[in-house]
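Working notes for the structure below.
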Amino acid sequence: MTSILELSFAAECGQRFDDDPTARIVQNAVTGTGADTVSLDRRIVNQTDDSVCERLDAWTVTNQKHSGRCWEFAGLNVLRARMIKDLNLENFEFSQNFIAFHDKLEKANHTLVRAIATADHDPAEEEVRDILEDVSGDGGYWPQFLDLVRKYGLVPVWAMPDTESAGNTDQLNRALAQVLRRAVLRIRVEITDSDGRERAERIQQEHRQALADVYRVLAIHLGTPPTSFTWQYRDKDKKFHSEGRLTPLEFAARYAPESLDGYLTVGHDPRTENPVGRKYVIDHTPLMEGGTPYAHVTADIKDLKAAAIAAIRDGEPVWFTCDVKQQFDRTGGIWDANLHDYNGLYGIDMSMTKADRMRGRETGPTHAMTLVGVDLVDGEPRRWRVENSWGDEVGKKGFFTMNDSWFDEYVFQVVVAPERVSEEIRQQWQTEPIVLPEWDALA
């Protein structure tokens, strides 16, 4: 059988398409409207409402805008729910920009440390290429968020509000990438052109200068992080509270409880090559030197749901990861496993299992949000209420409805207190983890 694509093949396919009246009608619809609009199953849309029997939120949503800071927003949304409740506030928002500033500084240091460790490696090696290709991303993980809070603290949003670059990180990331790539190349030169004590000193100088340059770029784009601020507020009963001046670390010590440090990440990975009920860690983490490696214990999807339900019933939002744009209607704010009938739209069987989608790089965690409600029927979840960080102009004022079928297919991790999970999962959390490569579908 020849591997060359013959000219006659396209002609034959074209003729068959033209002879199919249904294909021509679908073509007319998609070319004029768009595939996701045409494929949207109105039966599911019309049957999905946003009411839930267990609901936590009474606040407004936040907006990450054109940035990849979802994991930071989700983490801060968990904390602010506690704060609103404990201080009896109408609303409150932490500064996401403050966390993002220090995250990028820590990531820059991590990049430089890895560059030094691999400076004498062949530049064609995959790890070296990865260091140079991904030097200034926005993304992150739950333990990364907690590490930043513990090291740098927290501030209210007004103490370090978002700048234009905080919500639109392209230009910032471009400048950071250029600074870091230049530094990586200079470090590689020092490894080959100098030796002994002089080499170590020159590499250290390059490292420190690169971090100073990174800080300068960050300050220009994001502003300078405050070292202290006056903390005062009025609660829902109109009572005024004045707590004096606090540092970011003092503020975090008050409003980010230490119990969060013990929370577990429970993941769903149906790939048979990764046994269920084991602890895994992502290679080359943490992205903060001296921080917490990014680990999870795998479990059945029903265990993730049970843990999330227990947390919500106890008044606590749940940080989770998912593949956000699969089977999704942004305007209506709905997720359902069968929301878009792509098989019917294309006349092709496009079905894949969750495991095969992961193996084929079709799916993986792309977004982090918080679960703030669940609708239960005879104790089983029917749908979930989700707090997103895309502003209030999408969904229902920024909140979304996830049918339980979508949880099965596109949710990957939940972060919960250890008492929300089984003893078996808690025991696995204490074991030596299996290392997943940084390019794994769950990384």
Side-chain angles (χ1 to χ4, degrees), residues 62 64 67-83 92-114 134-157 159-163 165-167 169 172-173 176 180 211 214-215 217-219 221-229 246-265 281-282 284-296 317 319 321 365 367-370 389 413 415:
T62 53
Q64 69 186 76
S67 72
R69 299 175 293 162
C70 59
W71 59 283
E72 300 168 5
F73 276 71
L76 292 174
N77 286 341
V78 170
L79 294 183
R80 76 166 181 154
R82 286 172 171 261
M83 191 163 179
F92 179 80
E93 194 172 333
F94 289 102
S95 169
Q96 301 89 5
N97 192 21
F98 181 85
I99 296 294
F101 184 104
H102 295 103
D103 173 59
K104 288 195 173 293
L105 187 62
E106 288 288 349
K107 284 175 178 171
N109 184 54
H110 177 72
T111 295
L112 294 168
V113 170
R114 285 189 67 186
D134 186 20
V135 294
S136 58
D138 293 346
Y141 303 77
W142 169 262
Q144 183 176 347
F145 167 73
L146 274 188
D147 283 345
L148 291 165
V149 170
R150 297 302 178 221
K151 184 171 182 177
Y152 295 101
L154 296 163
V155 301
V157 67
M160 191 175 178
D162 266 12
T163 63
S165 291
T169 56
L172 166 62
N173 289 342
L176 291 174
L180 288 169
L211 286 178
V214 165
Y215 188 99
V217 170
L218 289 171
H221 280 267
L222 302 181
T224 305
T227 56
S228 67
F229 56 92
L246 298 175
T247 67
L249 283 172
E250 289 170 339
F251 194 62
R254 291 193 185 191
Y255 302 116
E258 291 183 1
S259 60
L260 291 173
D261 297 341
Y263 277 33
L264 313 181
T265 301
V281 68
I282 306 302
H284 296 302
T285 67
L287 302 183
M288 174 193 290
E289 295 301 310
T292 308
Y294 306 155
H296 63 268
W319 191 101
T321 65
H367 192 51
M369 298 179 286
T370 53
S389 53
Q413 296 167 329
V415 173

Please find the pair of heavy atoms, one from Gly153 and one from Ala252, that lie closest to each other, and give the distance.
CA-CB, 3.7 Å
Rounding to 0.5 Å, atoms CZ (Arg69) and CD1 (Ile99) come to a distance of 11.0 Å
Over all heavy atoms of both residues, which pair between Gly68 and Asp138 is shortest? Give the atoms and the distance, please.
N-OD2, 2.9 Å
Looking at Pro226 and Ala159, what are the two nearest heavy atoms and their distance?
CG-O, 3.7 Å
Could you check whether the rings of Trp142 and Phe145 sit parallel, tilted or perpendicular, using 30° and 60° as the cut-offs?
tilted
Using a 3.5 Å distance criterion without hydrogens, assess whether the side chain of Thr321 forms a donor-acceptor pair with backbone atoms of Pro365.
no
Between Tyr215 and Phe101, is the ring centre distance below 6.0 Å?
yes
Looking only at non-hydrogen atoms, find the nearest pair between Pro143 and Pro293 and report the distance.
CG-O, 4.2 Å
Exam field: side chain Arg80 to backbone Glu93, donor-acceptor pair closer than 3.5 Å
no
Would you call Pro248 and Tyr152 a side-chain contact if the rule is heavy atoms closer than 4.5 Å?
no
Short side-chain to backbone donor-acceptor contact, Lys107 and Leu287, under 3.5 Å
no
Minimum-distance pair of heavy atoms, taken over all atoms of Phe251 and Leu246:
CD1-CD1, 3.9 Å
Do you see a donor-acceptor pair shorter than 3.5 Å between the side chains of Asp147 and Thr292?
yes
Got a second to check how far Met288's CE is from Leu105's CG, nearest 0.5 Å?
9.5 Å
First locate atom CG of Leu146, then atom CG of Leu79, and finally report the distance between them rounded to the nearest 0.5 Å.
7.5 Å
Close side-chain approach of Leu176 to Val214, heavy-atom, < 4.5 Å
yes
Distance col, row Glu106:CD vs Glu289:CD, nearest 0.5 angstrom, shows 8.0 Å
Side chain of Thr169, backbone of Leu172: donor and acceptor closer than 3.5 Å?
no
Backbone of Trp319 reached by a side-chain donor or acceptor of Trp71 within 3.5 Å
no
Quick one: CE on Met83 to CG on Leu76, what's the gap to the nearest 0.5 Å?
11.5 Å
List the steps and the verdict of side-chain hydrogen bond (donor to acceptor under 3.5 Å, both in side chains) for Ser389 and Gln64.
CA-CA 6 Å; Ser389 53; Gln64 69 186 76; 2.6 Å; yes
Tell me every residue that passes side chain to side chain donor-acceptor pair (under 3.5 Å) with His102, counting only those two or more places apart in sequence or in another chain.
none
Distance in Å, Thr163 OG1 paired with Asn97 CG, rounded so as to fall on 0.5 Å steps
5.0 Å
Taking the side chain as everything from C-beta on, heavy atoms only, tell me whether Glu250 gets closer than 4.5 Å to Arg254.
no
Strictly distance-based, threshold 3.5 Å: is any side-chain N or O of Thr285 a donor or acceptor partner for the main-chain N or O of Tyr294?
yes
Looking at His296, is its backbone amide N or carbonyl O close enough to the side chain of Thr265 to form a donor-acceptor pair, meaning the two atoms are under 3.5 Å apart?
no
Can you name the salt bridge (Lys or Arg N to Asp or Glu O under 4.0 Å) partners of Asp261, sequence neighbours left out?
Arg150
Residues at least two apart in sequence or cross-chain that pass ring-ring contact (aromatic ring centres under 6.0 Å, His included) with Tyr263, listed by chain then number, are none
Closest non-hydrogen atom pair, Lys151 against Leu249:
O-CD2, 3.6 Å
